[in-house]
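Here the structure comes first, spelled out in C-alpha cells, and everything after it is commentary.
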Amino acid sequence: MGDSDDDDVPQLSSEALAALQEFYIEQQQKEEIKTQKESHNYCLGSIEENWQLSQFWYDNETAHRLANEAIRAAGRGGRIACVSAPSVYQKLKEQNSKDFSTCILEYDKRFSVYGAEYIFYDYNHPLDLPANLVAHSFDIVLADPPYLSEECLRKTAETIKYLAKGKILLCTGCIMEEYAMKYLDVKMCTFIPKHTRNLANEFRCYVNYDSGLDSDPVS
C-alpha cells in the first residue's frame, strides 16, 4: 500500500490561505458597502424635492405614519401603489419587507433608480399606463396629486380608480375636500400630514375605508 490518498490532494501554503482569506474579506466588505448604498437610495430624502415639479416631501413622522397605514390597509402580501407620493414610497422601501409589494407612479424620472417598480406618470394622461399595470390590482392606492386644482384631482382620480381594488388614501389640500368627495367619494380624516417645509395650504388625508388615521398612532 502506498501513502494515504490525501497525499494526492494539493495543499495550499499558509501564505496562499492567508491571501485567499484576505480576498474573501475584501469581497464581503464590497458587498456590505454596496448594500449600504442601495439602502441609502431608498431612504427618505435621498432624492431631494424639486419645487419646479411641485414637490414637497412629507416630514419623517408623516411619511412613516402614512406608510404604516398603507401596509395595514393592504394586508399581508398586499400591493400598494404610490401615485405622486415619493416620500411615502421611500419610507415603504426603507422597511425592506417581503410582506407587501409596492410601486411608484411619478413624473420625476430621477425615481427610475428604483428599477421596475418605477412607472413614469403624467396626470395629464391618466390612463397612459403600461400594459402590465393591471386594472384594479392594488389593495390600496395612496395618492398625492401635485397641484391643488380641480383638473389635477379629477385626472389623478381616473388613475386611482383604475388601479384600486377598493381602498383609497388621498393626500391633498383642505380646500380640495369638495372635489375629493365628488371624484373619489373619500372623507377627511382627523390626522393632519406635515411637510418638511411649511406650506401655505393646510393638507389633509381622505379615505374611503375605516382607516387608522382617525385615531392616535399605534406605537
Side-chain angles (χ1 to χ4, degrees), residues 39-51 53-75 78-121 123 133 138-148 152-153 156-157 159-160 163-165 167-174 176 180 184 186 188-197 199 201-209 211-214 217-218:
S39 176
H40 177 70
N41 285 340
Y42 294 144
C43 291
L44 185 59
S46 59
I47 296 177
E48 296 181 356
E49 61 192 2
N50 183 340
W51 293 357
L53 295 177
S54 189
Q55 292 177 346
F56 301 96
W57 283 187
Y58 293 116
D59 66 18
N60 190 66
E61 182 181 350
T62 294
H64 182 73
R65 181 79 184 273
L66 294 177
N68 282 351
E69 172 58 29
I71 293 168
R72 186 194 71 83
R79 300 186 72 209
I80 303 169
C82 294
V83 180
S84 304
S87 54
V88 179
Y89 173 78
Q90 289 183 97
K91 186 58 70 173
L92 287 166
K93 294 300 294 181
E94 279 182 32
Q95 302 209 17
N96 193 27
S97 173
K98 292 189 169 88
D99 290 342
F100 61 89
S101 60
T102 184
C103 74
I104 177 171
L105 288 80
E106 171 61 46
Y107 184 81
D108 186 349
K109 291 183 178 179
R110 289 180 299 168
F111 288 90
S112 62
V113 297
Y114 294 107
E117 291 183 4
Y118 168 75
I119 297 156
F120 175 76
Y121 174 69
Y123 79 86
L133 212 60
F138 288 90
D139 296 282
I140 183 169
V141 176
L142 190 155
D144 183 354
Y147 300 104
L148 300 182
C152 182
L153 180 53
T156 303
T159 308
I160 295 170
L163 296 173
K165 288 182 181 178
K167 294 178 181 176
I168 297 168
L169 200 174
L170 174 72
C171 300
T172 189
C174 191
M176 302 301 292
L184 290 168
V186 289
M188 185 184 290
C189 304
T190 57
F191 174 68
I192 300 176
K194 302 292 184 183
H195 295 78
T196 54
R197 303 175 191 275
L199 302 184
N201 294 290
E202 181 181 350
F203 263 60
R204 300 302 289 263
C205 297
Y206 305 82
V207 296
N208 65 345
Y209 66 96
S211 78
L213 297 175
D214 280 319
V218 178

Original post:
In Å and rounded to the nearest 0.5 Å, what is the CG to CG distance from N208 to L184?
Top reply: 8.0 Å
**OP:** For A180 and L170, work out which heavy atoms get closest and say how close.
**Re:** CB-CD2, 3.7 Å
**OP:** Check whether the ring centres of Y89 and F111 lie less than 6.0 Å apart, and answer yes or no.
**Re:** no
Original post:
Does Y118 reach the main-chain N or O of E106 with its side chain, forming a donor-acceptor pair under 3.5 Å?
Top reply: yes
Subject >> Residues I168, I140; criterion side-chain contact (heavy atoms from CB on, under 4.5 Å); working and verdict >> reply: CA-CA 6 Å; I168 297 168; I140 183 169; over 6 Å; no
Subject >> Chi angles and distances behind the side-chain contact (heavy atoms from CB on, under 4.5 Å) call for L213, R65 >> reply: CA-CA 8 Å; L213 297 175; R65 181 79 184 273; 4.0 Å; yes
Subject >> Contact check, side chains of Y114 and Q90, non-hydrogen atoms, under 4.5 Å >> reply: yes
**OP:** Could you tell me whether a side-chain N or O of E69 sits under 3.5 Å from a main-chain N or O of G212, the two making a donor and an acceptor?
**Re:** yes
Original post:
Is the F203 ring parallel, tilted or perpendicular to the H195 ring (thresholds 30°, 60°)?
Top reply: perpendicular
Subject >> Nearest heavy-atom neighbours spanning A73 and Y209 >> reply: CB-OH, 3.7 Å
Original post:
When rounded to the nearest 0.5 angstrom, what is the spacing between SG in C205 and CD1 in I192?
Top reply: 9.5 Å
Original post:
Given T102, which of I71, L142, I80 fulfils the side chain to side chain contact (heavy atoms under 4.5 Å, CB included) condition?
Top reply: I80
Subject >> Approximate separation, where rounding is to 0.5 Å, of S87 OG and D144 CG >> reply: 7.5 Å
**OP:** Applying side-chain contact (heavy atoms from CB on, under 4.5 Å), run through D214 and F191 and close with a yes or a no.
**Re:** CA-CA 6 Å; D214 280 319; F191 174 68; over 6 Å; no
Subject >> Distance-only polar pair, side chains of K91 and N68, donor-acceptor under 3.5 Å >> reply: no
Subject >> Heavy-atom pair with the smallest gap, counting every atom of T159 and Y121 >> reply: OG1-OH, 2.7 Å
Subject >> Donor-acceptor pair, side chain of R204 and main chain of C189, under 3.5 angstrom >> reply: yes
Original post:
What pairs with K98 under side chain to side chain contact (heavy atoms under 4.5 Å, CB included), at least two apart in sequence or on another chain?
Top reply: none
Subject >> Least distance between heavy atoms, C174 atom then M188 atom >> reply: SG-CE, 3.8 Å
Original post:
What heavy-atom pair brings M176 and L148 nearest, and what distance separates the two atoms?
Top reply: SD-C, 3.8 Å
Original post:
In terms of side-chain geometry, is the basic nitrogen of K165 or D139 positioned less than 4.0 Å from the acidic oxygen of its partner?
Top reply: yes
Original post:
Are any side-chain N or O atoms of T156 and backbone N or O atoms of L153, one a donor and one an acceptor, separated by less than 3.5 Å?
Top reply: no
Subject >> Minimum heavy-atom distance C103-F138, with the two atoms named >> reply: SG-CZ, 3.5 Å
Subject >> Trace of the side-chain contact (heavy atoms from CB on, under 4.5 Å) decision for L92 with C82 >> reply: CA-CA 10 Å; L92 287 166; C82 294; 3.7 Å; yes
Original post:
Is a side-chain donor or acceptor of K167 paired with a backbone partner of V141 at a separation under 3.5 angstrom?
Top reply: no
Original post:
Is a side-chain N or O of T62 found less than 3.5 angstrom from the main chain of K194, in a donor-acceptor match?
Top reply: yes
Subject >> With Y123 via side chain to side chain donor-acceptor pair (under 3.5 Å) - residues at least two apart >> reply: none
